[in-house]
Amino acid sequence: PAGSLVFTALQGGSNPASQREVMNVSGSCNWPMSWQVSAPASAPWLGISQPSGAPSLNKQSIISIISPNISGLAPGQYKTQVSISVLDASNTPAAGSPQTFTVTLNVQQPCTLHVTPTNLTFSSSIAHPATAQTLQLSEIGACNASVNWQAQSTATWLTVTNSGTDTGNGSSITVSI
């Protein structure tokens with residue numbers, strides 16, 4: 001086996017593309033050979049499929065299709081070991097069997113906008129007009145290098161800056177009445 005497979009997906013998005021794992025069986029074995037590819041029950045997010053049949057000639061390859069399913073997974077890293085066991089015709093494990101490889105699935109949080117504070121309160125009088133206040137914007141998750149934003153108000157008495165770009169250092173919106 002290759003040693004490891006790595007998948008990356010965005011939470012709530014599509015499953016990552018399947019990958020193939022190939023193991024070659026060769027040597028003076030008691031043919032035909034049979035095999036089993038399995039992942040532990042603790043990794044229900046991992047699907048394994050394989051073409052039907054068994055290696056029957058020297059230097060035959062075992063091909064497994066590894067397909068993660070991100071449905072219902074929280075952002076984070078998921079890791080498991082997959083085992084490939086090969087038995088000869090007399091049910092004796094082949095030399096070097098089982099072989100294992102690691103599968104890592106990275107589920108990224110979608111780009112999410114955070115605004116602080118969540119409420120603004122203005123006080124004003126004729127003698128003391130209200131001072132402008134600032135909202136801080138930041139993004140977390142799998143965001144592009146720059147995030148464009150636009151702010152607007154439906155209240156005619158409230159003024160906000162109307163657009164900007166955040167390049168990863170945070171942005172601000174000025175709000176005044």
Side-chain angles (χ1 to χ4, degrees), residues 1-116 118 136-150 164-171:
S4 67
L5 296 175
V6 178
F7 298 88
T8 301
L10 189 63
Q11 181 189 32
S14 301
N15 289 326
S18 299
Q19 295 184 37
R20 293 168 41 126
E21 179 64 27
V22 178
M23 181 176 143
N24 293 316
V25 179
S26 62
S28 57
C29 303
N30 186 3
W31 297 89
M33 307 292 280
S34 63
W35 78 92
Q36 179 178 354
V37 181
S38 59
S42 61
W45 51 268
L46 187 62
I48 301 172
S49 60
Q50 20 187 187
S52 60
S56 58
L57 302 171
N58 280 344
K59 299 189 184 222
Q60 185 72 25
S61 295
I62 297 170
I63 301 170
S64 298
I65 310 299
I66 311 301
S67 306
N69 181 345
I70 65 167
S71 179
L73 294 180
Q77 186 176 78
Y78 299 83
K79 194 178 255 190
T80 193
Q81 292 286 315
V82 174
S83 175
I84 302 174
S85 300
V86 179
L87 301 174
D88 68 14
S90 64
N91 281 334
T92 302
S97 179
Q99 294 283 313
T100 60
F101 62 94
T102 302
V103 176
T104 303
L105 172 61
N106 297 303
V107 178
Q108 299 175 329
Q109 179 176 344
C111 186
T112 305
L113 177 67
H114 285 266
V115 179
T116 55
T118 57
Q136 296 297 321
L137 304 177
S138 61
E139 301 84 25
I140 61 169
C143 301
N144 292 328
S146 61
V147 175
N148 297 320
W149 54 267
Q150 182 175 7
T165 299
D166 183 1
T167 58
N169 298 322
S171 297

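Sequence positions, counted from 1, serve as the residue numbers for this chain.
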Worksheet item: How far apart are the closest heavy atoms of F7 and P16, and which atoms are they?
Response: CB-CG, 3.8 Å

Discussion item. Any side-chain to backbone donor/acceptor pair from S97 onto V86? Under 3.5 Å, distance only.
Written reply: yes

Which donor-acceptor pairs under 3.5 Å do side chains of residues 104-111 form with protein atoms, sequence neighbours excluded?
{"unit_1": "N106", "atom_1": "OD1", "unit_2": "Q77", "atom_2": "NE2", "d": "2.9"}

Discussion item. For a quick check under 3.5 Å, do Q81 and T102 share a side-chain donor-acceptor pair by atom type?
Written reply: yes

Item to complete: Evaluate the side-chain proximity of V82 to V37: yes if any heavy-atom separation is below 4.5 Å, no if none is.
Response: yes

Fill in: Over all atoms of both residues, closest heavy-atom pair of R20 and L5
O-CD2, 4.4 Å

Discussion item. Which heavy atom of I48 sits nearest to which heavy atom of S38, and what is that distance?
Written reply: CD1-C, 3.9 Å

Practice prompt. Measure across S14 and I70 and return the closest heavy-atom pair with its distance rounded to 0.1 Å.
Written response: O-CD1, 3.6 Å

Worksheet entry | side-chain contact (heavy atoms from CB on, under 4.5 Å) between I140 and H114, intermediate numbers included | CA-CA 8 Å; I140 61 169; H114 285 266; 3.2 Å; yes

Worksheet item: With sequence neighbours left out, what residues match T80 under side chain to side chain contact (heavy atoms under 4.5 Å, CB included)?
Response: P40, A43, W45, L46, V103

Worksheet item: Out of curiosity, Y78 OH to S42 OG, how far, rounded to the nearest 0.5 Å?
Response: 12.5 Å

Worksheet entry | Check: L113 and W149 side chains under 4.5 Å, non-hydrogen atoms | no

Item to complete: Ignoring hydrogens and angles, tell me if any N or O in the side chain of Q19 forms a donor-acceptor pair with the backbone of V6 under 3.5 Å.
Response: yes

